[in-house]
Novice: 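Take this structure, written in structure tokens, and hold onto it; I'll ask about it next.
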Amino acid sequence: MLSLPARRIATCYLTLIGGKMSTSAAAKDLNKDLCGMLKQLAEYELAVNKNMYKSRAYKQAAATLAKLDYKVSSGEEAKKLKGIGDKISKKIDEFLATGTLKKLDNIHKDANSEAIILLSRVHGIGSAKARELVTDFGVNSLEQLRQRQDELNLNHHQLIGIKYFEDFEQQIPRKEIIKVEKIVKDHIANFDPELQVTFCGSYRREKPESGDMDILVTKSSYVSTCEKKEGSTILRNFVSELEKIQLITDTISIGDVKFMGVSNIGRVKGHEKKDALYRHVDIRVCPSDQYHCHILHFTGSSLFNTNMRQHALSQGYTLNEYSLRPVGTAGTAGSPVIINTERDIFEYIDYPYREPKDRND
DNA sequence: AATAGACCCGT
DNA sequence: ACGGGTC
């Protein structure tokens, strides 16, 4: 039968972790059902309608509700919150009254939409490819995707996504990342003590679990005036060392400064474990003089980056992972401001400093 | 209509 | 160079 694993987005991102409770929210998320509804709408807008803006609006609304320490009892009440206007407020009312949302029911009844949403969950398959698979090839399940992969014009990235579909959907416990970090740092210290390795992403934000692992690599003698080749050599050597100890098992893509691939801690000597999961890994190499902008960028969250960069613009600066530069009247960026710490970047643009753990939005 | 900014891949 | 995907 072709019933898709219509797994309700079991988004459990507010979980209790080792006794520790996330700051504001109490133990349970009281608006879980409403958040689930909004997240499904967000997924639908992104995968099916390619509407990033609507999708983001729903995600933001869900994030706002998730943080409340009380249960929302009406749309009107919710409307006072940031990111919830007329339309979402009405949806909240409908959901509270009937327990469902007609719009969502209709989406779930629509086989094509459901299939597009499912296929979009494969790493490397976005809304365009998902739609193509459904409309041109009639694919509507993961099984079919797997069976017919040879005829579907899939690229390497997508093939890896299919291979590890189940594993990639699993969150990585913080404990596991700590182990990987130790393995990597210990090994690299012997290989080249000048390399500096920093694990970033949600791990650095102290999340109890992460969707992937983000590793930033830098080297004091590698600075932005060096030839580009220098960085790509560092990246390739670094990756090749991790392949040697079997931590890295697949490459999705590798360029001059960025690697995307797969790791499995269970294949590393001393950590043998047959059922260890395959994890998504991103590695980025940067010149040491750009380290602070890079670590800021790579720590995220993505929403935090967007907000902070927007603020930078309002202060007359443009911020990216390389530098902070003043924007002249002509709109052209000036030369980079000298940065000595991550905190410097905040201070230059008058943005209140936030510890990594407080950068989730 | 549109939020920052970029890298990598494939064509 | 551009569209697609991901961070």
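Below, read A as the first sequence line, B as the second, and so on, with proteins coming before strands; counting in each chain starts at 1.
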Novice: Could you give the NZ-to-P distance, from A/K129 to C/dG4, as a whole number of Å?
Specialist: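 Result: 12 Å.
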Novice: Nearest-Å distance, CG (A/L154) to P (B/dC9)?
Specialist: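 After rounding, the gap between these two atoms is 17 Å.
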Novice: Mind checking if A/S253 touches a base, just sugar-phosphate, or nothing, with heavy atoms under 4.0 Å?
Specialist: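 Sugar-phosphate: the residue A/S253, judged by heavy atoms under 4.0 Å, touches backbone atoms but no base.
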Novice: If I take atom NZ in residue A/K258 and atom P in nucleotide B/dC8, what distance separates them, rounded to the nearest angstrom?
Specialist: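 A/K258 atom NZ is separated from B/dC8 atom P by 7 Å.
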Novice: Look at the side-chain N and O atoms of A/T318 and state whether any lies under 4.0 Å from the OP1 or OP2 oxygen of B/dG5.
Specialist: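 Answer yes for this pair, as a side-chain N or O of A/T318 is under 4.0 Å from OP1 or OP2.
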Novice: For the side chain of A/Y53, counting heavy atoms from C-beta on, which of B/dA4, B/dA6, B/dT3 is nearest?
Specialist: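 The listed nucleotide nearest to A/Y53's side chain is B/dT3.
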Novice: With a non-hydrogen cut-off below 4.0 angstrom, is A/Q158 in contact with a base, only sugar-phosphate, or nothing?
Specialist: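 No contact at all - A/Q158 keeps every heavy atom at 4.0 Å or more from the nucleic acid.
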Novice: In terms of the nearest nucleotide of DNA chain B, which residue is placed more toward the 5' end: A/N155 or A/Q60?
Specialist: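 In this pair, the answer is A/Q60.
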Novice: Heavy atoms only: give me the nearest A/A115-A/V139 pair and the separation to one decimal.
Specialist: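 Closest approach of A/A115 to A/V139, heavy atoms only: CB-O, 4.2 Å.
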Novice: Rounded to whole angstrom, note down the C1' distance from C/dT6 over to B/dA4.
Specialist: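 Comparing C1' positions in C/dT6 and B/dA4 gives a spacing of 15 Å.
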Novice: Less than 4.0 angstrom between a side-chain N/O of A/H157 and OP1 or OP2 of B/dC7, yes or no?
Specialist: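 Checking B/dC7 against A/H157, no side-chain N or O comes under 4.0 Å of OP1 or OP2.
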Novice: A/M260 has an atom CE; how far is it from atom P of B/dG10, in whole Å?
Specialist: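 A/M260 atom CE is separated from B/dG10 atom P by 12 Å.
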Novice: Which value, in whole Å, describes the distance between the P atoms of nucleotides C/dG3 and B/dA2?
Specialist: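 Looking at atom P only, C/dG3 and B/dA2 are 16 Å apart.
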Novice: Would you mind reading off the distance between A/L46 atom CG and B/dT3 atom P, rounded to a whole angstrom?
Specialist: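 Those two atoms, CG and P, are 17 Å apart.
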Novice: What's the closest nucleotide to the side chain of A/N320 if the choices are C/dG5, C/dC7, B/dA6?
Specialist: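 Looking only at heavy atoms from C-beta outward on A/N320, the closest nucleotide is B/dA6.
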Novice: From the set C/dG4, B/dA2, C/dC7, return the single nucleotide nearest to any side-chain atom of A/K50.
Specialist: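 Per side-chain heavy atoms of A/K50, the pick is C/dG4.
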Novice: Taking the side chain from A/R284 and the backbone from A/D214, do they hold a donor-acceptor pair closer than 3.5 Å?
Specialist: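 Side chain of A/R284 to backbone of A/D214, a donor-acceptor pair under 3.5 Å: no, none is there.
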Novice: Hey, does the Lys NZ or Arg CZ of A/R121 hover above the aromatic six-ring of A/F165, less than 6.0 Å from the centre and inside 45° of the axis?
Specialist: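 No, A/R121 does not sit over the ring of A/F165.
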Novice: Over 60° means perpendicular and under 30° means parallel, so classify the ring planes of A/H294 and A/Y322, tilted if in between.
Specialist: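 Answer is perpendicular, since the angle exceeds 60°.
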Novice: Ring-plane angle category for A/F168 and A/H280, please: parallel below 30°, perpendicular beyond 60°, tilted otherwise.
Specialist: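 Because their plane-to-plane angle is over 60°, the rings of A/F168 and A/H280 count as perpendicular.
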Novice: I'd like to know if A/E342 and A/R204 make a salt bridge, using a cut-off of under 4.0 Å between side-chain N and carboxylate O.
Specialist: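 Here A/E342 pairs with A/R204 in a salt bridge, since their nearest N and O are under 4.0 Å apart.
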Novice: Can you check the A/K87 NZ to B/dA1 C1' distance for me, whole Å?
Specialist: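 Atom-to-atom, A/K87 to B/dA1, this comes out as 14 Å.
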Novice: Looking for any heavy atom pair under 4.0 Å, which part of the strands does A/L319 touch: base, sugar-phosphate only, or nothing?
Specialist: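 The residue A/L319 makes sugar-phosphate contact but no base contact.
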Novice: Counting the atoms with a prime plus P, OP1 and OP2 as sugar-phosphate, which does A/D214 contact under 4.0 Å by heavy atoms, base, sugar-phosphate, or nothing?
Specialist: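 Since only primed, P, OP1 and OP2 atoms lie under 4.0 Å of A/D214, the category is sugar-phosphate.
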Novice: Between A/D256 and A/Y317, which residue's closest nucleotide on DNA chain B lies nearer the 5′ terminus?
Specialist: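 First, find each residue's nearest nucleotide; the 5'-ward one identifies A/Y317.
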Novice: Could you state the CD1-C1' distance from A/I125 to C/dG4, rounded to the nearest angstrom?
Specialist: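 One finds 12 Å between C1' of C/dG4 and CD1 of A/I125, rounded.
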Novice: Rounded to the Å, how far apart are A/Q290 CD and B/dG5 C1'?
Specialist: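 Distance check: A/Q290 CD to B/dG5 C1' gives 14 Å.
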